[in-house]
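Have a look at the structure below before the remarks.
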Amino acid sequence: MSTPLTETQFFAAAIVCLVGSAAIHIMGGRWQPAAPSKTRKVLPSLGRRRAVEKAIVFLALLCVVAGLGSSTIQRGAWPLITPMEVITATAAGAMLWHLLSRHEHKQEWGSPLFYAIVAGLLMWAIAREPALQAATVVDSAQQPWWFTSHLAFALACGAFVKAGSLALASVVTERQKNRQPVAPPEGCRDTVASGEKADHHAMLPGLSLLTASLLITALGGQYTRGVAWSWTASESWQLLAWLFYTMIWCAFVLLGWRGRRLWSLTALGLIVTLLMLNAVGG
Amino acid sequence: MNIRARFTELWNPEDVLDSLWRMFASPYTTMLLLISMAALVCLGIFVPQRSAEAVADPMANSLWLASLRERYGSATDWLVGLRLVDVHRSTLLRGLLGLLAFNLLLGLVDFIHPRHLFPASRPLGDRTLVYVPPSAESHPLLGGTGRGGGPSLAETPEQLLKPVKEILRRQHYRLHEGSNGEWIHADRFVLFAVLVYLGLLLTIGGLALSERTAWWEEGVTLTPGQVLPLGHGTALAVRAQVSEARYDPVEGQWHDEHTELAFLREQQKVGQRVLRNHTPSFYAGLFFYPTSTEPALLLKAQDDAGRDLMLRTPETGATQFTEVILRFREEESPQYIVVLDLRPGSQLGRQFEQRGNERYVLVPGRDLYLRLLYSPLGPGEVAPTFRVEAFRGGETSPFYQHQFNSADSAEIAGDRYVFNPQRYAVIKFGQDYGLAFIFVGAALVLAGIVLSAWRHPRRLWVVAQSTDDTVNLQFMTALAEGKAPAWFEDLMQSVTTTLGLNAQSTT
């Protein structure tokens, strides 16, 4: 008799995939530039390595989606209602943005940092109680609203994680570069310019999605309870994050900030995002 | 250039009003206000906030302060004195919102008519790209006449700007010309940022309107047939026609809870709405929300001659009725009895005891009282259970007990008591015109952020300056980390190619 896989097993498989992807990135980055000609033939090309890396991340994403599906089927209610599911969906959202991004984490440890954060989110989700009873507390009429707002929220957090990890890697890489003026090998370490191109790509959709999440939460609250805003910890953290990222929007879109100042703010946003996730997922 | 230098750049001592305008309209001010508001929200998260109930009720307020003192000790005085426990209602938050609205309004005006953004009043510094026409006289597009002996353009900078304007128009830029015709301001995609500004202004306006005009009546109970005036100058009354719910014994939950409301004006029915759980209804600009339907018990008593007995309840005080309605709750009572230890010398202590789902009825003519208890339905049960206990005055043990789950009667001390279980509706109603502004504003902000992520606003200034023997065209835009943005480089490429100018970059 076969035993169905639990969501924990799916998430563990996703973590393994992420670790594998990080290993491929690190190994590929270290070996390729200095590899002798014979070895270079054996090693996959940079493009192929990236394709393999992305394929493994896609596999991890599928595992997480399967885990979420398993959890939802067990509960027999709308998905993304429990804290564990919100955190997991955030990890899935981050992976989705990573796959959709046309710009690569070219910094030496940009991608591994991203994979580590996403794997950490999954471990956090596993460590949480399944809290099946938490979903039954939510009235069935409110569940569609919760699902929609949490979906937008999770995708927003995923985008912030993606943008924040890239920004953090850019800040550190630039600092290392300043200390060590010798140019890094091509394809292994990034230039400042590539970070400039990439740093905003996930942050702006993230802000749009966070705005949508706040709007849906307020609309849902007004429709089902007659209360659009109630200053709960979750709502307060979302508002705080929204104010913070709107400030970054002003800096980026209206003032044209680029480079280290913007990276620093976006990297700080990573902490704000994790705290917000703790409040909403908690 | 750091932020301080940017602010210094906005200041022009020759025109203080203009400088103040630029300072208040600046996105740097917007950022400063946003981060200040974020800091206040952060305070509201970490410092316990006094609820509206505590503010309204002195007893609840003193209890709340006592619990705060237990947790924070002497720091409580600081927190209360600095009003950090009322951040969400604070003047500071309102002031910041007001300043933000002012800042956004000025910014909006600048977007629509960028008079204050003319860069000639500011040092041009590192944001200038200079284009010098080397042989303009031979360039027909620049109005060259081919007369020789010097370019005709040098005499008329307006003529030099003409083809530039044409190129900008072709690229869908919006143009604003200076009064002397020597400079132009061009922008594109600013509408997207305008949407965000407009949306934020609408949201703040909606919040202010809600604050001043919105009202809500919560926890209003309506038993079938009861007429309730709505008040607040509406001249409307509401009557609950039917209040129903279907119980599912398998799930142990109530379903299809709904209440029919009839609206009355001068005792004439003018409208009707059905309230369903978690779904609002609207009538005459008012929102109606069903909070729940709860069990109620209609009680009448008659003596052996068939005369009605007078009844009273602790809630109605000394007034006596021939019929009383007792309201219960489906869930565990959220009300608690607070027991305080106020003995001299003892440390302040308190404990909470949950109030039972029970009601009392006094029968003054018989010196007895009834205690009625409600047991909510459990899974598998078909109907809720009521229990009546009768006590003589001064006794603590009941001399009569009876249990029932449908309409029933009982003979207690020679009198006949009739019990009729019903359901009553708990509703909430009110009016808030600000909500429409808030939601429309938020939708505009969302649209603006999405569109501005797709295409960032572009702004540039073109200034034509005559020197001794030539005319310089200066193209200026905001630089990012000392570099011109890609769209600006593309535009320069287009201008230099079309006009055949030589570019000199000072960036």
Side-chain angles (χ1 to χ4, degrees), chain A residues 139-142 145 192-193 196-197 200-201 203-212 214-216 218-220 222-229 231-233 235-262 265 272 275 279, chain B residues 2-3 6 26-28 30-42 44-45 49 87-88 107 192-193 196 199-200 210 216 218 276-280 287-289 291 428-430 432 435 438-439 442-443 445-447 449-450 452-454 456-457 477-483 485-486:
Chain A
D139 192 280
S140 56
Q142 289 174 309
W145 290 101
V192 174
E196 259 179 37
K197 280 180 192 166
H200 62 278
H201 278 83
M203 192 275 288
L204 290 180
L207 177 61
S208 310
L209 285 161
L210 184 62
T211 313
L214 278 169
L215 180 60
I216 295 165
L219 272 172
Q222 187 62 42
Y223 189 82
T224 56
R225 295 179 289 124
V227 182
W229 190 262
W231 288 114
T232 57
E235 282 173 319
S236 297
W237 271 110
Q238 282 192 67
L239 179 64
L240 190 147
W242 186 84
L243 289 166
F244 181 80
Y245 279 105
T246 307
M247 190 198 70
I248 300 182
W249 177 85
C250 281
F252 180 70
V253 172
L254 300 181
L255 294 170
W257 281 19
R258 299 292 184 275
R260 200 172 54 188
R261 267 195 301 198
L262 190 69
L265 281 177
V272 175
L275 288 170
Chain B
N2 59 27
I3 294 172
R6 293 276 185 205
S26 165
Y28 287 103
T30 316
M31 287 171 67
L32 188 70
L33 290 168
L34 287 173
I35 206 70
S36 308
M37 283 167 64
L40 268 188
V41 172
C42 195
I45 291 169
Q49 295 298 297
V87 163
H88 299 149
F192 304 154
V196 177
L200 283 173
S210 284
W216 291 98
E218 297 191 40
R276 296 190 184 279
N277 243 3
H278 300 296
T279 312
F287 288 91
F288 289 86
Y289 289 93
T291 309
K428 166 185 174 175
F429 63 91
D432 191 349
L435 282 174
I438 293 169
F439 288 130
V445 171
L446 177 60
I449 290 173
V450 170
S452 63
W454 172 55
H456 299 177
T477 192
L479 302 178
E481 301 286 314
K483 287 181 193 168

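Owing to the predicted nature of the structure, the values given are computational and were not obtained by experimental measurement. All chains are named by letter (A, B, ...) in the order of the sequence lines, taking the proteins before the strands, and each is independently numbered beginning at 1.
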Do [X] and [Y] come within less than 4.5 Å of each other through their side chains, counting heavy atoms only?
X        : Y        : value
A:Thr246 : B:Met37  : no
A:Leu243 : B:Val41  : yes
B:Tyr28  : A:Cys250 : no
B:Met31  : A:Trp257 : yes

Between [atom1] on residue [X] and [atom2] on residue [Y], distance to nearest 0.5 Å:
X        : Y        : atom1 : atom2 : result
A:Gln222 : B:Tyr289 : CD    : OH    : 4.0 Å
A:Leu204 : B:Ile449 : CG    : CD1   : 9.0 Å
B:Cys42  : A:Leu239 : SG    : CG    : 11.5 Å
A:Trp242 : B:Leu34  : CH2   : CG    : 7.0 Å
A:Phe244 : B:Ile35  : CZ    : CD1   : 6.0 Å

What part of A:Ala228 lies closer than 4.5 angstrom to a heavy atom of chain B: side chain, backbone, both or neither? side chain
Contact class of A:Leu219 relative to chain B, heavy atoms under 4.5 angstrom: both
So which part of [X] gets closer than 4.5 Å to some heavy atom of chain A, the side chain, the backbone, both or neither?
X        : result
B:Trp216 : side chain
B:Ile45  : side chain
B:Ile438 : neither
B:Leu200 : side chain

Best-contacting candidate, B:Lys428, B:His88, B:Gln49, against chain A by heavy atom pairs under 4.5 angstrom: B:His88
Could you tell me which of B:Thr291, B:Thr30, B:Val196, B:Leu40 has the largest number of non-hydrogen atom pairs under 4.5 Å with chain A? B:Val196
Scanning both residues in full, the closest heavy-atom pair of B:Ser452 with A:Trp249 reads OG-NE1, 3.0 Å
In short, B:Ala442 meets A:Leu215 closest at the heavy-atom pair CB-CD1, 3.5 Å
Kindly assign one of parallel, tilted or perpendicular to the pair A:Phe252 and B:His456, based on the angle between their ring planes and the thresholds 30° and 60°. perpendicular
Contact leader toward chain B among A:Ala241, A:Gly226, A:Ala218, where contacts are heavy-atom pairs under 4.5 Å: A:Gly226
